[in-house]
Number of protein chains: 2
Amino acid sequence: MANRVTVSMAQHRKPPSKVNCFACQHRIESDWSVLTDDEVSLLDRSKTCRKYLPGEYIFHEGDPCRGIYCVASGLVGIRKTDADGNSVLLPRLASAGDTLGYRPFLAGECHRGSSEIMEPSVICFIRGSAVKELLGHNPILGLQFLARAAKDLGQAEEHYFQSVTFSVRARLAHLLLVLKDRYGEVADDGTLSIELPLSRKDVAALIGARPESTSRAIRQLKEDGVAYFSGQTVHISAVENLVGELGADDHI
Amino acid sequence: MANRVTVSMAQHRKPPSKVNCFACQHRIESDWSVLTDDEVSLLDRSKTCRKYLPGEYIFHEGDPCRGIYCVASGLVGIRKTDADGNSVLLPRLASAGDTLGYRPFLAGECHRGSSEIMEPSVICFIRGSAVKELLGHNPILGLQFLARAAKDLGQAEEHYFQSVTFSVRARLAHLLLVLKDRYGEVADDGTLSIELPLSRKDVAALIGARPESTSRAIRQLKEDGVAYFSGQTVHISAVENLVGELGADDHI
DNA sequence: CGGGGGTTTGAGTCCGTTCAAAATACGTGG
DNA sequence: CCACGTATTTTGAACGGACTCAAACCCCCG
């Protein structure tokens, strides 16, 4: 039902740039769910919200980290660029309810990547002092963050492992499997279709490959009947095939 | 003073497999430094210690995570293996004072890699219930772990980035730069030499490459006068050269 | 009906892998 | 101390995947 309300609101007007933490439905299933009313109130008072459009940046590599960001709606990625201009998107997209920049904040470091808006988004910034106060006040919040960090660390190590052992094609298949949970829809005939929130270039950056290589991998998957790309949407007849791309390649 | 006692003990006999947390000199510069005496006492009572020899495993991929491990001495690596038998060492070696397996424990997951002993080691196992109790009792410990996890996450993402953008040669150079802090020694003439605690195969697994490729990269570095390998020791005349391998390749 | 960016395709090259063989190091027993 | 067998490391040649550069294509928008 809450879903329905949101949808109808979206039809009337864009999400307001000033978000109310109490009303924020994402909060209750985020790390912030453990806060008391008083603490939520502090959180609410300590934040500033802003709308962003695709291509904009929230912060840049090397910027000092003065607090953390909370995605109220939209989608944002972390981009890292090396000296030669090679650019990579870290395989950790943040959407509504996700916290952004908590890693450098907690490690006491500068931002190590630039956060780039991929879809129109509303982002809340929470002052570092408030985060510190909340962490000191409510130990459970720290444990929430800890579990989150531990999960993200596992993901990151998994991605490292895959980048070293998987081909571009397998990494693409894996990306589709991840995106299907968030952007996939099952049609009446049971086939799965995913509406990618990303351009080809960004898909490439996400799997750590050039756009050309990604394009070829896309064609291969099409030729082998695994996934059919047309524009931003992907059609998949059997998810098992995608999974098969990861494990044992094709051994009898 | 506690320092002096430990050192003189080490001169007489091998480190005892039963380690005393109070006397452990690594504790004071680890996450556990924030514990009170009572808490250290609990820690001490809740642990079991064991000696391990190279090639042994502390735990295996898929094992349930029943607690965390503390490296009293030695060196251990985390190995991940895929369906085809490809094996990779995560670029996160644990030596004396480091905590092992805290990630799956805090994320509530099974072990995602096997921890393999690289040097003769003494490892303490701390019961999960005790860790939970300590975390609930002393919020600062949670924040310590949080900062640790945040740092490790940064490292992991950096390694992902490098695996995608760097060549084998550059990754090897980077590994040397990391190992020099722990295993490097500066000779009288100012040159640096590193005694690698790893076989070639393990060096290869650490940078995510085949031994053959690693061997060729080693030869290249030798031919270009950057680093001279002979057996397990590496001689480096100018560290700047190593650093140069990372950034802008050779642009004038 | 043109631009113009993003995407795809093609050809050539480079890097890293694979497979196989030689060389070196290492431990053990004579 | 040397000889021998094994395991590790290095080398070589051939292959393959991914990258580079360049051109063609497509789609969206003016």
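By convention in this document, chain letters (A, B, ...) are assigned in the order of the sequence lines, proteins followed by strands, and residues within each chain are numbered from 1.
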Problem - Any side-chain heavy-atom pair of A:E245 and A:L177 under 4.5 Å - result: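 No, side chains not in contact.
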
Practice task
Would you mind reporting whether A:K80 and B:E158 have side-chain heavy atoms less than 4.5 Å apart?
Solution key: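 Yes, their side chains come closer than 4.5 Å.
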
Practice task
Report the residues that fulfil side-chain contact (heavy atoms from CB on, under 4.5 Å) with A:V203, sequence neighbours left out, ordered by chain and then residue number.
Solution key: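 For A:V203 the side-chain contact (heavy atoms from CB on, under 4.5 Å) partners, ignoring immediate neighbours, are A:L172, A:L175, A:L196, A:L198, A:T214.
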
Handout entry: B:E109 with B:R103: basic N within carboxylate O range, under 4.0 Å
Key =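 Yes.
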
Problem - Over 12 non-hydrogen atoms of neighbours within 6.0 angstrom of CG in B:D188 - result: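 No, not enclosed.
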
Practice task
Would you kindly say whether A:R182 and A:S95 are connected by a side-chain donor-acceptor distance under 3.5 Å?
Solution key: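 Distance-only check passes for A:R182 and A:S95.
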
Exercise for the section: Give a yes/no on whether any side-chain N or O of A:S213 is located under 4.0 angstrom from OP1 or OP2 of D:dA18. Expected result: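 A:S213 to D:dA18 OP1/OP2: no side-chain N or O under 4.0 Å.
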
Starting from [atom2] on [N], measure out to [atom1] on [X] and report it in whole angstrom.
X: B:L198; N: D:dT9; atom1: CG; atom2: P; result: 10 Å
X: B:Q232; N: D:dT9; atom1: CD; atom2: C1'; result: 11 Å
X: B:F229; N: D:dT9; atom1: CZ; atom2: C1'; result: 13 Å
X: A:R200; N: D:dC28; atom1: CZ; atom2: P; result: 13 Å
X: B:R210; N: D:dG17; atom1: CZ; atom2: C1'; result: 13 Å
X: A:R219; N: D:dG17; atom1: CZ; atom2: P; result: 14 Å

Problem - Side chain A:R92, main chain A:I78, donor-acceptor under 3.5 Å - result: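 Looks like no, no N/O pair under 3.5 Å.
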
Handout entry: Any donor-acceptor N/O pair, B:H159 side chain to B:Q155 backbone, under 3.5 Å
Key =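 The answer is yes, because a donor-acceptor pair under 3.5 Å joins these two groups.
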
Exercise for the section: Hey, which sits more toward the 5' end of DNA chain D by its nearest nucleotide, A:A209 or B:K201? Expected result: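 Looking at the nearest nucleotide for each, B:K201 comes out on the 5' side.
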
Residues 225-240 of chain A, side-chain donor-acceptor partners within the protein, below 3.5 Å, at least two apart:
| unit_1 | atom_1 | unit_2 | atom_2 | d |
| --- | --- | --- | --- | --- |
| A:T233 | OG1 | A:S230 | O | 3.3 |

Practice task
Have a look at the helix from C:dC1-D:dG30 to C:dG30-D:dC1 and give the angle its two end axes make, five pairs each, rounded to 10 degrees.
Solution key: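 It comes to 30° between the two terminal axes.
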
Exercise for the section: Supply the atom-to-atom distance A:L153 CG to B:R112 CZ, rounded to the nearest 0.5 angstrom. Expected result: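 Result: 9.0 Å between the selected atoms.
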
With a 3.5 Å cut-off and sequence neighbours excluded, list the donor-acceptor pairs that the side chains of residues 62-72 of chain A form with protein atoms.
| unit_1 | atom_1 | unit_2 | atom_2 | d |
| --- | --- | --- | --- | --- |
| A:D63 | OD2 | A:H60 | N | 2.8 |

Practice task
Walk along DNA chain C from 5' to 3' and tell me the first and last nucleotide with an atom closer than 4.0 Å to a non-hydrogen atom of chain B.
Solution key: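 The footprint of chain B covers C:dG16 to C:dC19.
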
Practice task
Let me know, please, whether A:I218 or B:T214 comes out on the 5' side of the other along DNA chain C by nearest nucleotide.
Solution key: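 Result: A:I218.
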
Give each protein N/O atom lying under 3.5 Å from an N/O atom of nucleotides 13-15 of chain D, with the pair distance.
| unit_1 | atom_1 | unit_2 | atom_2 | d |
| --- | --- | --- | --- | --- |
| D:dA13 | N6 | B:R216 | NH2 | 3.2 |

